[in-house]
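Below is one structure; the comments refer to it alone.
Below, chains carry the letters A, B, ... as their sequence lines are ordered, and counting in each starts from 1.
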Amino acid sequence: MPELPEVEVSRLGISPHLINQCIKSIIVRQKQLRWPIPDEIQQAVGLEVIDVRRRAKYLMIDTEAGSIILHLGMSGKLRVIESSNAPQKHDHVDIVLENGQCLRYNDPRRFGACLWHPHTAIEKQEPHPLMVNLGPEPLTDAFDSQRLYDLSRGKTKAVKNFIMDNHVVVGVGNIYASEALFFSGIDPRKAAAKVSKKRYQSLTDEIKKVLAHAITQGGTTLKDFAQTDGKPGYFAQELQVYGRAGKPCNRCQSPIESVVIGQRNSFYCPKCQL
DNA sequence: AGCTCAACCTGCTGGC
DNA sequence: TGCCAGCAGGTTGAGC
């Protein structure tokens with residue numbers, strides 16, 4: 001379900017309920033996610049939540065002793081509810097607060113993760129191993145067209161795969177990759193090395209625009225994404241190409257086409273994207 | 001080094 | 001109505 005906008009919407013939704021609250025208990029009903037949930041996560045019990053941060057599609061719930069790292073995978077959802085609410089199917093983890101509320105993590109496909117990153121004295125500033133090799137955040141100045149251009153030289157893979165590579169830039173998933181390529185008029189199948197500097201400038205701008213705008217709309221709800229208050233994301237109705245195979249392009253009326261690139265279904269307008 | 005592909009898991013949809 | 005194949009927002013790691 002989540003790309004970067006959906007994760008950021010989740011962060012914005014949960015953080016005011018968590019920050020400065022004390023963790024009373026952590027209930028793990030299903031520890032077998034992408035990786036097993038480590039028992040060390042219990043080190044957060046009794047501590048106050050200092051901050052809720054996001055890096056790429058990871059959420060970090062910071063305490064004095066370390067951070068709980070959450071990843072929503074394909075189907076993960078977070079909600080803040082009364083901890084007395086009966087758990088439903090696939091409600092794998094509760095982070096229960098002393099005020100009676102809890103952060104409940106639900107993930108049918110269990111592609112997500114819930115990990116613990118201790119702040120030991122020696123490695124207090126060390127990032128988690130999962131985050132060591134991540135590229136820049138797309139909504140910061142560290143992500144610019146020069147970087148895309150430089151890294152793309154010699155790359156034969158499709159430009160869509162290239163911008164979805166977390167070493168290049170994080171947070172661009174299958175939906176927004178297709179959308180940004182549409183707005184910049186680039187054929188998603190084109191080899192990354194064959195895209196000009198000028199077009200990487202456009203692509204960089206469009207990636208930033210589409211992600212930032214999707215965040216303001218509460219993300220994209222396709223099947224089951226919900227904001228943490230249960231409302232759907234409203235960006236789905238603004239999608240130009242994703243999921244619109246056979247429907248007319250909003251710019252030129254040509255039928256949108258779909259093609260599999262790097263195992264992922266991809267959508268583009270054959271007239272607007274060259 | 002760079003690229004492709006299988007794998008992780010459940011649920012939903014569409015065709016027969 | 002039922003069954004089964006195919007597909008889904010992500011990421012890692014094996015293998016070429």
Got a sec, which residues hit ring pair (Phe, Tyr, Trp, His ring centres under 6.0 Å) with A/Phe111, two or more places apart in sequence or on another chain?
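Counting only residues at least two positions away or on another chain, A/Phe111 forms no ring pair (Phe, Tyr, Trp, His ring centres under 6.0 Å).
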
Would A/Phe111 pass as stacked on B/dC8, i.e. its ring centre under 5.5 Å from the base's six-membered ring centre and planes under 30° apart?
yes

Give a yes/no on whether any side-chain N or O of [X] is located under 4.0 angstrom from OP1 or OP2 of [N].
{"X": "A/Arg109", "N": "C/dG10", "answer": "no"}
{"X": "A/Thr220", "N": "C/dG9", "answer": "no"}
{"X": "A/Asn174", "N": "C/dG10", "answer": "no"}
{"X": "A/Lys57", "N": "C/dG9", "answer": "no"}
{"X": "A/Lys157", "N": "B/dT4", "answer": "no"}
{"X": "A/Tyr176", "N": "C/dG9", "answer": "no"}

Listed once per pair and sorted, the salt bridge (charged side-chain N to carboxylate O under 4.0 Å, His left out) pairs that draw on [range], sequence neighbours left out:
{"range": "residues 257-274 of chain A", "value": "none"}
{"range": "residues 149-178 of chain A", "value": "A/Lys157-A/Asp165"}
{"range": "residues 28-42 of chain A", "value": "A/Arg29-A/Asp94, A/Lys31-A/Asp39"}

Results of salt bridge (Lys or Arg N to Asp or Glu O under 4.0 Å) for A/Lys231 - residues two or more places apart only
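Partners of A/Lys231 under the salt bridge (Lys or Arg N to Asp or Glu O under 4.0 Å) test: A/Asp229.
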
Please identify each residue that fulfils salt bridge (Lys or Arg N to Asp or Glu O under 4.0 Å) with A/Glu206, with sequence neighbours left out.
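Testing A/Glu206 for salt bridge (Lys or Arg N to Asp or Glu O under 4.0 Å), a comparison that skips the adjacent residues, returns A/Lys209.
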
If the [atom1] atom of [N] is compared with that of [M], how far apart are they to the nearest Å?
{"N": "C/dG9", "M": "B/dG14", "atom1": "P", "answer": "16 Å"}
{"N": "B/dT10", "M": "C/dG13", "atom1": "C1'", "answer": "23 Å"}
{"N": "B/dC9", "M": "C/dC3", "atom1": "P", "answer": "24 Å"}
{"N": "B/dA6", "M": "C/dG6", "atom1": "P", "answer": "14 Å"}

List for me each residue that meets side chain to side chain contact (heavy atoms under 4.5 Å, CB included) alongside A/Arg199, sequence neighbours excluded, and say none if there are none.
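Checked A/Arg199 against side chain to side chain contact (heavy atoms under 4.5 Å, CB included); matches are A/Ile186, A/Lys190, A/Val195, A/Ser196.
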
Please report, rounded to the nearest Å, how far the [atom2] atom of [N] is from the [atom1] atom of [X].
{"X": "A/Gln32", "N": "B/dC9", "atom1": "CD", "atom2": "P", "value": "8 Å"}
{"X": "A/Ile163", "N": "C/dG10", "atom1": "CD1", "atom2": "C1'", "value": "15 Å"}
{"X": "A/Asp91", "N": "B/dT10", "atom1": "CG", "atom2": "C1'", "value": "15 Å"}
{"X": "A/Leu115", "N": "C/dT11", "atom1": "CG", "atom2": "C1'", "value": "13 Å"}
{"X": "A/Leu33", "N": "C/dG10", "atom1": "CG", "atom2": "C1'", "value": "14 Å"}
{"X": "A/His167", "N": "B/dG2", "atom1": "NE2", "atom2": "P", "value": "11 Å"}
{"X": "A/Arg110", "N": "C/dA8", "atom1": "CZ", "atom2": "C1'", "value": "17 Å"}
{"X": "A/Met164", "N": "B/dT4", "atom1": "CE", "atom2": "P", "value": "13 Å"}

Taking only Watson-Crick and G-U wobble pairs with both distances under 3.5 Å, what dot-bracket line describes DNA chain C, where [ ] shows pairs that cross earlier ones and | shows pairs with another strand?
.|||||||.|||||||

Do the side chain of A/Gln273 and the main chain of A/Leu181 share a donor and acceptor less than 3.5 angstrom apart?
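Yes, A/Gln273 side chain to A/Leu181 backbone: donor-acceptor pair under 3.5 Å.
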
Between A/Phe235 and A/His213, how do the two ring planes meet: parallel, tilted or perpendicular, split at 30° and 60°?
perpendicular

Parallel, tilted or perpendicular: rings of A/His92 and A/Tyr105 (30°, 60°):
tilted

Remember a base hit wins even if backbone is also touched, and classify A/Asp107 as base, sugar-phosphate or nothing at under 4.0 Å, heavy atoms.
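Since no nucleic acid heavy atom lies under 4.0 Å of A/Asp107, the category is nothing.
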
Out of B/dG11, B/dC9, C/dG10, whichever nucleotide has its closest atom nearest the side chain of A/His71
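Selected nucleotide (nearest to the side chain): C/dG10.
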
Pairwise distance CG(A/Leu59) to CZ(A/Arg54) - rounded to 0.5 angstrom:
8.0 Å

Please list, pair by pair, any protein nitrogen or oxygen found under 3.5 Å from a nitrogen or oxygen in nucleotides 12-16 of chain C.
{"residue": "C/dT12", "atom": "O4'", "partner": "A/Arg34", "partner atom": "NH2", "Å": "2.7"}

Closest nucleotide of DNA chain B for A/Gly262 versus for A/His90: which of these residues is on the 5' side?
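Result: A/Gly262.
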
